[in-house]
*Asks:* 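Structure in structure tokens, see below.
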Amino acid sequence: MTTPFPFTAVVGQDDLRLALLLNAVSPAVGGVLVRGEKGTAKSTAVRALSALMPEVPVVAGCRFSCDPGAPDPACPDGPHEAGAGSQRPARMVELPVGASEDRLVGALDIERALAEGVKAFEPGLLADAHRGILYVDEVNLLHDHLVDLLLDAAAMGASYVEREGVSVRHAARFLLVGTMNPEEGELRPQLLDRFGLTVEVAASREPEQRVEVVRRRLAYDDDPGGFAARWADDEAAVRRRIVAARELLPSVRLGDGALRQIAATCAAFEVDGMRADIVMARTATALAAWAGRTDVLAEDVRQAALLALPHRRRRNPFDAPGLDEDKLDETLEEFSGADESDESDEDPDPDGPGGGGGQPPSESDGPQGADSGARPEAGEDGEPQASGAGEQTPARASEPFRTKVLSVPGLGEGAAGRRSRARTEHGRTTGARRPRGALTKLHLAATVQAAAPHQRARGRSGRGLVVRRDDLRQAVREGREGNLVLFVVDASGSMAARQRMSAVKGAVLSLLLDAYQRRDKVGLVTFRGTAGDVALPPTSSVDAAAVRLESLPTGGRTPLAAGLLKAHEVLRVERLRDPARRALVVVVTDGRATGGPEPVALAGRAARLFAAEGVASVVVDCESGPVRLGLAGQLAGELGGTAVTLDELRAESIAGLVKDVQRRAA
């Protein structure tokens with residue numbers, strides 16, 4: 001068995017360790033989402049937490065970890081008699097991003113259920129994680145249907161497995177811990193809100209701390225057992241402190257003054273719903289217990305806000321997480337005073353591994369509260385500022401707007417999403433086929449129809465249907481897939497007028513928001529000067545694309561052909577990586593082509609490459625002024641797509657656009 005890296009040996013990352021420890025003290029806090037760049041000990045700290053969790057009493061032999069003091073009356077392995085059980089370590093169950101639905105919730109033997117009426121059930125990861133930790137690395141890359149199952153289980157505290165009227169239910173209460181790199185995409189708001197706390201982590205820029213990280217890691221790799229032994233006393237001390245805090249937790253008093261501060265803070269930051277208030281209250285109580293106090297202080301409320309609110313105040317994926325700490329302090333000060341007489345003279349333990357309860361992080365603790373995702377401005381007055389010959393500093397994007405969906409024609413088989421029609425595991429049933437591998441979605445009528453002609457030959461004598469494996473039919477379903485939306489943006493001098501480029505960026509930003517909501521991958525190719533450039537390779541992080549778009553400078557000639565050829569190369573490489581994901585190319589240009597010999601003819605030949613391969617495309621026509629040459633429309637014809645003006649791109653103006661795309665592709 002692999003020896004885990006000790007929790008107390010993790011260097012720095014005080015906020016991360018504190019958030020994990022608070023959940024160990026009070027699982028009702030609701031879990032932790034850890035956001036940060038790669039290589040910042042996110043997974044190491046989470047995996048080390050399980051070794052600090054108190055042991056769990058379970059009913060002997062129960063696959064669903066029932067509590068012997070209060071066994072689940074609906075447990076599939078029950079009924080259990082209340083009484084003494086056995087103790088086992090708390091589990092940390094890891095959910096792989098590519099896990100199947102059956103692996104998560106469990107599998108029911110459909111053949112035995114139909115033929116014998118037996119509920120033969122194999123538990124999944126939700127059953128294993130009951131009363132423990134469910135850890136999802138790269139949680140932002142989790143497929144939508146698995147996210148839906150997690151949301152249901154987290155909301156109800158139970159998991160339901162149903163196959164054509166045959167159902168199994170078992171308890172599934174777990175501490176949900178997820179890690180993610182924001183560069184690879186954001187989480188759905190529904191799942192984001194299910195995490196009680198969030199922490200932003202980043203690698204230290206202090207040389208001495210980085211040296212200590214490397215020193216400890218090398219020592220652990222050389223001798224894991226010996227390294228863990230050197231930290232055993234520290235681990236035991238933290239474990240005892242968790243147990244003591246759990247015992248103290250019921251005695252902690254959350255006064256009216258602290259409650260008013262919590263409510264005022266949530267209202268001041270305009271968070272949705274009431275979950276934030278409840279999470280803040282539980283976090284502040286856990287902070288007090290962790291510090292060894294029985295009263296919640298203002299410092300506990302402040303720290304609780306810094307952990308519980310940043311991910312709840314975002315209004316769109318391009319908002320940077322974090323809180324305005326000056327505003328937070330003003331709110332707490334305004335509503336302080338009601339419980340000042342209740343403050344305890346006890347000081348929090350400054351030497352604890354997570355810091356004292358209620359102590360806010362310092363500015364050096366990480367990017368929390370910093371507007372790290374703020375987009376650069378063109379200038380104080382919004383005007384583009386000259387920064388070099390033939391180039392201007394970026395123009396600010398205009399306000400985004402709601403767009404109508406642009407979809408790829410035909411029926412795909414790509415990753416589940418919300419854009420184009422596709423054969424998927426979820427959706428409306430359109431037919432049946434023999435299963436390829438394990439049966440997941442039974443088509444009952446087709447199965448009965450396949451088995452019916454053979455009943456006499458199989459010696460059927462009772463009312464039950466004699467079903468064989470060859471009779472089973474898998475339901476064929478149609479849903480929606482996510483696509484690769486590749487933006488090809490003209491950044492040449494002809495696009496450099498302030499109002500024009502601002503409108504162009506606003507339109508692309510609007511389409512990026514639409515791509516985020518529809519679970520697409522996005523890429524960004526720009527062209528200006530003499531070449532095309534991949535500003536952002538295909539990624540699930542639409543906010544990364546938005547940042548690149550905002551910082552996009554303009555100037556120079558218009559090498560339209562080079563931009564199209566670069567986009568064609570990006571699609572070729574992406575097909576090798578993800579052949580099932582279909583592409584939608586969105587070319588944002590006025591249609592002009594300059595530079596080099598025969599630039600217009602060369603652009604036409606490049607465009608016809610897309611048409612020959614059947615790539616769906618839309619040209620956003622940015623031409624303005626009283627005299628229009630119609631070059632963007634000609635380009636759309638060469639691409640085999642359709643053209644739409646910036647004004648027509650708005651949702652209320654392009655109701656027929658998708659039909660036009662499909663008609664041209666037919």
Side-chain angles (χ1 to χ4, degrees), residues 14-33 193 195-200 245-246 248-313 321-350 352 354-363 365-366 368-369:
D14 292 343
D15 288 347
L16 168 58
R17 292 189 293 154
L18 178 59
L20 292 172
L21 289 169
L22 291 177
N23 275 274
V25 170
S26 176
V29 166
V32 186
L33 174 65
D193 191 51
F195 287 98
L197 310 179
T198 186
V199 177
E200 294 279 331
R246 282 191 172 190
L248 182 62
L249 188 65
S251 303
V252 176
R253 190 178 74 88
L254 183 65
D256 289 343
L259 277 173
R260 277 192 289 272
Q261 286 184 319
I262 290 170
T265 301
C266 292
F269 286 99
E270 300 180 348
V271 296
D272 295 330
M274 294 299 297
R275 184 173 284 119
D277 304 62
I278 296 170
V279 170
M280 272 190 65
R282 289 171 174 166
T283 304
T285 304
L287 280 161
W290 177 248
R293 288 186 271 100
T294 56
D295 289 301
V296 173
L297 307 182
E299 63 195 47
D300 301 320
V301 176
R302 187 183 195 279
Q303 180 70 80
L306 292 172
L307 293 173
L309 296 188
H311 60 303
R312 292 187 165 91
R313 57 161 291 275
L323 293 181
D324 182 340
E325 295 193 32
D326 290 337
K327 181 178 179 180
L328 173 60
D329 290 336
E330 290 173 4
T331 303
L332 294 176
E333 179 66 26
E334 181 181 353
F335 288 87
S336 65
D339 277 6
E340 293 299 321
S341 60
D342 296 329
E343 289 190 8
S344 171
D345 293 332
E346 301 176 51
D347 293 326
D349 181 2
Q359 292 297 323
S362 66
E363 293 181 1
D365 284 337
Q368 193 169 10

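Since this is a predicted model, take the numbers as computed values, not measurements. Scope of the values below: all heavy atoms of this structure, side chains included, with no hydrogens, waters or symmetry mates.
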*Asks:* Restricting to non-hydrogen atoms, name the atom on Ala289 and the atom on Leu248 that form the minimum distance, rounded to 0.1 Å.
*Replies:* O-CD2, 3.9 Å

*Asks:* Quick one: which of Val32, Leu307, Thr285 gives a side chain to side chain contact (heavy atoms under 4.5 Å, CB included) with Leu22?
*Replies:* Leu307

*Asks:* Under 4.5 Å between any side-chain heavy atoms of His311 and Leu197, yes or no?
*Replies:* no

*Asks:* Quick check: does any side chain N or O of Lys327 sit under 3.5 Å from a backbone N or O of Phe269, one acting as donor and the other as acceptor?
*Replies:* no

*Asks:* Could you check whether any side-chain N or O of Arg293 sits under 3.5 Å from a backbone N or O of Val252, counting only pairs where one atom can act as donor and the other as acceptor?
*Replies:* no

*Asks:* Would you call Leu254 and Leu259 a side-chain contact if the rule is heavy atoms closer than 4.5 Å?
*Replies:* yes

*Asks:* Is any side-chain heavy atom of Trp290 less than 4.5 Å from a side-chain heavy atom of Leu18?
*Replies:* yes

*Asks:* Which heavy atom of Val279 sits nearest to which heavy atom of Ala308, and what is that distance?
*Replies:* CG1-CB, 3.8 Å

*Asks:* Minimum heavy-atom separation for Gln261 to Phe335, with atom names?
*Replies:* CG-O, 3.4 Å

*Asks:* Heavy atoms only: give me the nearest Ala276-Leu309 pair and the separation to one decimal.
*Replies:* CB-CD2, 3.8 Å

*Asks:* How long is the straight-line distance from OG1 of Thr198 back to CG of Asp15, given to the nearest 0.5 Å?
*Replies:* 10.5 Å

*Asks:* Out of curiosity, Gln303 CD to Thr283 OG1, how far, rounded to the nearest 0.5 Å?
*Replies:* 9.5 Å

*Asks:* With rounding to the nearest 0.5 Å, note down the distance linking CG in Leu249 to CZ in Arg282.
*Replies:* 10.5 Å

*Asks:* State the OG-CG distance between Ser26 and Leu21, to the nearest 0.5 angstrom.
*Replies:* 12.5 Å

*Asks:* List for me each residue that meets salt bridge (charged side-chain N to carboxylate O under 4.0 Å, His left out) alongside Asp193, sequence neighbours excluded, and say none if there are none.
*Replies:* Arg275, Arg312

*Asks:* Salt bridge check, Arg302 against Glu333: does any charged N sit closer than 4.0 Å to a carboxylate O?
*Replies:* no

*Asks:* Which heavy-atom pair separates Gly273 from Asp277 by the least distance, and what is that distance?
*Replies:* O-OD1, 4.0 Å

*Asks:* Atom CE in Met280, atom CE in Met274: separation rounded to 0.5 Å?
*Replies:* 11.5 Å

*Asks:* Rounded to the nearest 0.5 Å, what separates atom CG in Asp300 from atom CG in Leu287?
*Replies:* 5.5 Å

*Asks:* If I compare all heavy atoms of Ala281 with all of Ile262, which pair ends up nearest, and what's the gap?
*Replies:* CA-CD1, 3.6 Å

